[in-house]
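One structure below.
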Amino acid sequence: MSRCGAGLLGVMLFASGCTYYNAIYNAERSYDEAEAHRRAGRDSLASQSYRDVVRKAARGYRRDPEGEWGDDALFLLGRARLRLGEIRAARAALKEAAERSESADTRFAVLVYLALAEVESGNSEAALPLIERALSGLTVGPALAEAHLLRGQVLLSQGAAGNGWADLDRAQELDAV
């Protein structure tokens, strides 16, 4: 292969990687937008943004499922599908993300959303051990606030008001950061 051909191949591989990363980056931005809409009570805009996340993350994942950001794409897919009420698809994506991720932080964060899937399925009892495992490893980030919020809701539903309210307060503190 000539030097020119090798250089062209290198540029093409670099550009392909940038395109792939850009798809995941755009999906992450759409997810943040969807979350902002959800929190503000703009449900139709949130749903539209979550569908956009699914489209972008799936496209990025299909480009290179074994790539560096494959687990990130699956994690985004799982969370967006969960927010859309697509529990079975969310679980599948989240479990695959946890299996593929080399990051302990990601694996602990995935547990929070798997717990949320259990709650959404009406199985709060199965959610608590997942939340406890997640809280044993999470130290920062939105998943930590989500874990405290979820555990607070579950504990309140089980009649453990003191601990439930403490978790809700902690979630609010963490979310403000």
Side-chain angles (χ1 to χ4, degrees), residues 20-43 45-47 49-58 60-61 67-87 89-121 124 126-156 163-177:
Y20 175 61
Y21 174 75
N22 195 39
I24 303 307
Y25 175 80
N26 287 336
E28 286 174 352
R29 290 191 60 195
S30 292
Y31 185 82
D32 291 343
E33 180 180 288
E35 287 287 281
H37 289 312
R38 181 182 64 84
R39 289 177 179 195
R42 298 184 296 263
D43 296 338
L45 290 173
S47 293
S49 293
Y50 288 126
R51 283 191 293 277
D52 194 40
V53 172
V54 169
R55 184 180 52 77
K56 289 175 181 177
Y61 181 75
E68 182 179 353
W69 297 288
D71 60 330
D72 294 325
L74 288 166
F75 188 36
L76 281 164
L77 274 169
R79 290 181 292 160
R81 291 203 181 272
L82 185 59
R83 298 292 195 212
L84 289 167
E86 301 170 5
I87 306 302
R91 275 192 187 115
L94 290 167
K95 286 179 180 179
E96 185 71 18
E99 288 175 16
R100 289 175 177 238
S101 182
E102 295 178 9
S103 164
D105 290 338
T106 298
R107 290 190 306 271
F108 284 120
V110 165
L111 290 173
V112 175
Y113 296 95
L114 285 171
L116 183 55
E118 292 297 338
V119 169
E120 293 292 322
S121 298
S124 294
L128 271 178
L130 294 171
I131 299 167
E132 295 298 336
R133 278 186 27 221
L135 286 171
S136 74
L138 290 170
T139 56
V140 296
L144 181 59
E146 186 93 38
H148 281 286
L149 175 64
L150 187 57
R151 185 171 68 177
Q153 292 169 334
V154 170
L155 291 173
L156 284 172
N163 291 335
W165 284 113
D167 265 319
L168 294 180
D169 288 341
R170 182 70 178 132
Q172 185 177 12
E173 290 169 16
L174 291 166
D175 194 47
V177 175

Quick one: list whatever passes side-chain hydrogen bond (donor to acceptor under 3.5 Å, both in side chains) with [X], sequence neighbours left out.
{"X": "Arg42", "result": "His37"}
{"X": "Arg170", "result": "Glu173"}
{"X": "Arg38", "result": "Glu35, Tyr50"}
{"X": "Asp167", "result": "His148, Arg151"}

**Prompt:** Yes or no on side chain to side chain donor-acceptor pair (under 3.5 Å) for Ser121 and Arg91, after CA distance, side-chain angles and deciding distance?
**Reply:** CA-CA 11 Å; Ser121 298; Arg91 275 192 187 115; 3.0 Å; yes
Please name all residues satisfying side chain to side chain contact (heavy atoms under 4.5 Å, CB included) with [X], sequence neighbours left out, ordered by chain then number.
{"X": "Asp169", "value": "none"}
{"X": "Ala126", "value": "Glu118, Asn123"}
{"X": "Ser124", "value": "Val119, Val154"}
{"X": "Arg133", "value": "Leu111, Leu130"}

Might you point out which heavy atoms bring [X] and [Y] nearest each other, and give the distance in Å?
{"X": "Ala115", "Y": "Ala127", "answer": "O-CB, 3.5 Å"}
{"X": "Ala34", "Y": "Ala46", "answer": "O-CB, 3.7 Å"}
{"X": "Lys56", "Y": "Ser30", "answer": "NZ-OG, 3.0 Å"}
{"X": "Ile24", "Y": "Leu76", "answer": "O-CD1, 3.9 Å"}
{"X": "Ala27", "Y": "Ala57", "answer": "CB-N, 3.8 Å"}
{"X": "Val110", "Y": "Ala97", "answer": "CG2-CB, 4.3 Å"}

With rounding to the nearest 0.5 Å, note down the distance linking [atom1] in [X] to [atom2] in [Y].
{"X": "Leu45", "Y": "Asp52", "atom1": "CG", "atom2": "CG", "answer": "12.0 Å"}
{"X": "Asn163", "Y": "Leu156", "atom1": "CG", "atom2": "CG", "answer": "9.5 Å"}
{"X": "Arg81", "Y": "Leu94", "atom1": "CZ", "atom2": "CG", "answer": "11.0 Å"}
{"X": "Glu99", "Y": "Leu74", "atom1": "CD", "atom2": "CG", "answer": "10.0 Å"}
{"X": "Asp71", "Y": "Glu96", "atom1": "CG", "atom2": "CD", "answer": "10.0 Å"}

**Message:** For a side chain to side chain contact (heavy atoms under 4.5 Å, CB included) check, start with the C-alpha distance between Leu168 and Leu149, then their side-chain angles and the critical distance, and finish with the verdict.
**Reply:** CA-CA 5 Å; Leu168 294 180; Leu149 175 64; 3.6 Å; yes
**Val112 and Ile131, any side-chain heavy atoms less than 4.5 Å apart** =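 A side-chain contact under 4.5 Å is absent here.
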**Prompt:** Tell me, which pairs form a ring pair (Phe, Tyr, Trp, His ring centres under 6.0 Å) where one or both residues lie in residues 90-113, sequence neighbours left out?
**Reply:**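 Residue pairs passing ring pair (Phe, Tyr, Trp, His ring centres under 6.0 Å), neighbours aside: Phe75-Tyr113.
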Salt bridge (charged side-chain N to carboxylate O under 4.0 Å, His left out) against [X], all qualifying residues, sequence neighbours excluded:
{"X": "Glu33", "result": "none"}
{"X": "Glu120", "result": "none"}
{"X": "Arg29", "result": "none"}

**Message:** Quick one, Leu77 with Val53, criterion side chain to side chain contact (heavy atoms under 4.5 Å, CB included). Give me CA distance, side-chain angles, the key distance, then yes/no.
**Reply:** CA-CA 7 Å; Leu77 274 169; Val53 172; over 6 Å; no
